[in-house]
Amino acid sequence: MVPPLPPIRETPPAASDRAAPGAVLDLLVVGGGINGTGIARDAAGRGLRVMLCEKDDLAQGTSSRSSRLIHGGLRYLEYGQWRLVREALHEREVLLRIAPHLVRPMGFVLPHVAGMRPAWMLRLGLFVYDHLARRTRLPASRTIWLDAAPEGRALQAGHRRGFVYADCRTDDARLVVLNAMGARERGAHIRTRCELVGARGQDGLWVAQLRDALTGQTTEVTARVLVNAAGPWVQTLAARVAPARHGLGVRLIKGSHLVVPKFWSGDHAYLLQHSDKRVIFVTPYEGDTAMIGTTDIVFAGAPECAQVSAEETQYLCAAVNSQMRCTLGAADVLHAYAGVRSLADDASDDPAAISRDYVLELSGTAAASAAASADGAQVQPPLLTVLGGKITTFRRLSEHALEQLRPWLPHMGGAWTAQAPMPGGDIAGGSIEAAQAVFLGKAGFLPAEHARGLFDRHGSGAARIIADAGHIDAMGRHFGAGLYEVEVRHLLAHEWAISLDDILWRRTKFGLHLAPEQRDALEQWLAGTQAARVPRAPPLG
Ligand SMILES: Cc1cc2nc3c(=O)[nH]c(=O)nc-3n(C[C@H](O)[C@H](O)[C@H](O)COP(=O)(O)OP(=O)(O)OC[C@H]3O[C@@H](n4cnc5c(N)ncnc54)[C@H](O)[C@@H]3O)c2cc1C
C-alpha cells in the first residue's frame, strides 16, 4: 500500500539571508546550462550573492544535447588547439575526482583505415593526447589488432590495426543539475521557467526584469554584474540589454545524434574516421542502446527549433554502416536530438574546424567605470558574455569568468571548485565501485539494475532517496523500468523538475524505457501531485 503523499516543497537556498528581498545581488547569471550553473556555483562558494534565471528547464538548451563526453577532444589536435585540449584533459581528471558517479572512464577503439590518416599520425596524436596533461586515473593508449581482438568483431572485415585510448562519458543534463544544487547549497537562488526580458544600467547597477512563466509575474532585481550565459540565445539576450549589444562575433553550428539499439558487446565506444575527414562517435548509451554523432551544420534558425534532418540521419547511418557490421537506417532510430553550439567566430570556412574554445567577453573595465564615476558620468555596469565552450571545461571557464570579475567584486573568495566534490560525489574514502557496492547492499530489496541506475544518477545522494524505504513497497508507485515514486518526488522537490520531459529526458533518460501507457500514467500522477504542490515563491524583488 502506497502511503499518502505529503505536499512537495522545493528546497530553499541554504543561506537565503544573502539575497534577502530588496538586497542588491552581486551576480545575476542568465542561462541554466552548464556554463551558467557552473558560474553560479563557483560564485556562491566565493561568498557572493547570486541568482540564476533560466527561461525553461535547467539544461533544456544545448547542455542536454551533447555527445556526453568528458574529453580532451582528440580531433582538435589536428587544428592545433593545444590550449583547449590541455585544459580539457586536465578537467577530465578533476571531474573524475569531484563527480565520480557521473563521470566514468570509457575506452575508445580507433580503427586505422587505409587511405585515411596514416597509422603513424594516429599513434603520434595519441601519444600527445596521453602526455599533454597530467593523467593519474586513466590508462595510456595502446595498439590493438582488430582481426584478433574482441573489439574488432563489430567492425567490417579488412580492419587490421587500431588503437584503444581512454576518455570519459557523462550525463550532461545531470551535471548541470548538480551544479545548480551545489550553487543552492551555498546560498544561490536558482529560478527556472524565469526569463530575463530586459535589463538596463542604472546608477552603476543592473536593473533586470524577470518574467516567471508559471505565475505570469514580472519582477525587478538589481545586480552589480550581469552574466550572459544564454548559449545559442546569446545574441537574443544581448539585444535585450540596454544599451543593446549587437554584432557579437558568433557562429551557430548544429550537431545531431541518433540513438539506436546497441549492436556490439562490451562497454567500449568507437571513434570512426569518415571519408569527409570528420570523425563519428559510436558510444554505449543507457544500457542496451547506442548513440551515434555528430554532424556540423551552419544553423540560422531559432535554436529551440533545431531538428535532426533526414539527410543527417542518412549521413550518420551510412558512416557507421560503411565500417561496422550493421545495416542501420531511419527505421532503427529510437530517439534523435539536435543541439546548437554558439561558437566565437574565428572566420573558419569549415564548421567542423571552428574552435570549440571559449571566449569571455567583458564590456567595460573597472578603471573606466571608476573614471566615469569620478566625472559624474553614467557608469555602465559590467556585462560578461560567454561564447563557445564545452561541457568538459565548464569548471575552468567559471573560474576564469570570476577572476575577470574580481575588480568589480573584490570581496569574493578564491578559487575552490577543483577540490570540492559535486553533490553526490562525496564518496568517503574508497573508490566509486566500493561506494556502489555499499549502496547495492543497502538497496538489496530492489532489483540490482534498478539500484545501480539510482546510484549512477545520484551517487551518494541515492542513499538519502531510499532512506525511509527499506522495503520495495515503501518506494511508492513503480512507474516502470526502475522509476519509483520516491525518486520522482525527489526530482520535484530538490531538482527543479516540473514537467514530464524534465523527468523523462533531462533528470533521467526513462523516456527511452517507458512504454507510452506508462508515460501517460506518470503524467496523470504528476498532474495530481502538482495540484498539491506548495506554490513557489516569486523571484526576489
Ligand atoms: C552536437 C553537440 C555535441 C557536443 N558534444 C560535447 C561533448 O561530448 N563534450 C563536451 O564537453 N561538449 C560538447 N558539446 C558542447 C556543449 O554541449 C556546449 O558547449 C554547452 O552545452 C554549452 O552550454 P551553455 O551553458 O553555454 O549553453 P546552453 O546549455 O544552451 O544554456 C543556455 C541556457 O540559457 C537559457 N536562456 C536563453 N535566453 C534566456 C533568457 N532570456 N532568460 C533566461 N534564460 C535564458 C536557455 O534556455 C538555455 O538553457 C557539444 C555541443 C553540441 C551542439
Side-chain angles (χ1 to χ4, degrees), residues 67-78 81-82 84-113 117-155 159-171 175 262 264-273 279-285 290-291 324 390-393 395 418 421 425 427 429-437 452 455-456 459:
S67 305
R68 314 205 321 164
L69 301 178
I70 296 297
H71 64 159
L74 184 58
R75 77 178 186 86
Y76 308 142
L77 289 178
E78 267 184 333
Q81 294 179 18
W82 308 102
L84 170 62
V85 180
R86 187 183 296 111
E87 183 172 290
L89 288 171
H90 177 263
E91 285 306 290
R92 192 179 66 173
E93 285 275 317
V94 174
L95 294 174
L96 269 168
R97 191 173 63 236
I98 64 175
H101 58 308
L102 218 53
V103 177
R104 299 287 184 107
M106 185 158 73
F108 281 78
V109 176
L110 166 58
H112 167 250
V113 180
R117 293 165 186 89
W120 66 261
M121 186 190 278
L122 299 180
R123 183 64 267 172
L124 180 64
L126 287 168
F127 179 82
V128 174
Y129 203 65
D130 283 344
H131 292 95
L132 203 52
R134 191 156 171 267
R135 177 175 45 80
T136 59
R137 291 162 194 253
L138 297 171
S141 58
R142 62 187 165 87
T143 300
I144 182 175
W145 297 102
L146 295 165
D147 43 3
E151 290 89 339
R153 283 187 208 133
L155 294 166
H159 288 96
R160 271 203 74 228
R161 190 172 179 189
F163 302 92
V164 178
Y165 72 96
D167 255 326
C168 294
R169 63 181 165 85
T170 192
D171 180 330
L175 206 53
K262 186 159 173 271
W264 70 96
S265 53
D267 294 336
H268 58 278
Y270 293 87
L271 178 66
L272 305 179
Q273 305 180 65
V279 292
I280 307 287
F281 289 106
V282 185
T283 59
Y285 184 85
M291 192 198 69
M324 301 191 73
K390 300 187 56 64
I391 298 283
T392 309
T393 51
R395 196 200 62 81
I427 305 300
S431 65
I432 188 73
E433 291 76 19
Q436 175 169 312
R452 260 195 298 276
F455 186 81
D456 284 351

Got a donor-acceptor contact below 3.5 angstrom from the [X] side chain to the [Y] backbone?
{"X": "D130", "Y": "S141", "value": "yes"}
{"X": "H131", "Y": "F127", "value": "yes"}
{"X": "T170", "Y": "L102", "value": "yes"}
{"X": "Y129", "Y": "G72", "value": "yes"}
{"X": "T392", "Y": "H71", "value": "yes"}
{"X": "Q436", "Y": "F455", "value": "no"}

* To do: Measure the CG-CG distance between L110 and L146 for me, rounded to the nearest 0.5 Å.
  => 9.5 Å

* Structure fact -> CZ (R161) and CD1 (I144) are apart, to the nearest 0.5 Å, by 12.0 Å

Under the salt bridge (charged side-chain N to carboxylate O under 4.0 Å, His left out) test, which residues partner [X], sequence neighbours left out?
{"X": "R68", "value": "D171, E286"}
{"X": "R123", "value": "none"}
{"X": "E87", "value": "R83"}
{"X": "D267", "value": "none"}

* Asked: Ion pair present between E91 and K390, side-chain N to carboxylate O less than 4.0 angstrom?
  -> no

* To do: Answer whether the closest heavy-atom distance between the side chains of C168 and L69 falls below 4.5 Å.
  => no

* Of all pairs that satisfy salt bridge (Lys or Arg N to Asp or Glu O under 4.0 Å), the ones with a partner from residues 135-155, not counting sequence neighbours -> D147-R160

* Asked: If you look only at pairs with a residue in residues 93-111, which of them pass as a salt bridge (Lys or Arg N to Asp or Glu O under 4.0 Å), with sequence neighbours excluded?
  -> R104-D456

* State yes or no: are the ring centers of Y270 and W264 separated by less than 6.0 Å? => yes

* Evaluation steps, side-chain contact (heavy atoms from CB on, under 4.5 Å), between L74 and L271 -> CA-CA 10 Å; L74 184 58; L271 178 66; 4.1 Å; yes

Taking all non-hydrogen atoms of both residues into account, name the closest pair between [X] and [Y] and its distance.
{"X": "R395", "Y": "V94", "result": "NE-CG1, 3.6 Å"}
{"X": "Q273", "Y": "V113", "result": "NE2-N, 4.1 Å"}
{"X": "A418", "Y": "I98", "result": "O-CG2, 3.5 Å"}
{"X": "A166", "Y": "L138", "result": "CB-CB, 4.0 Å"}
{"X": "S67", "Y": "M291", "result": "O-CE, 3.5 Å"}
{"X": "P111", "Y": "H159", "result": "CB-CD2, 3.6 Å"}

* **Parallel, tilted or perpendicular: ring planes of F108 versus Y165, cut at 30 and 60 degrees** => parallel

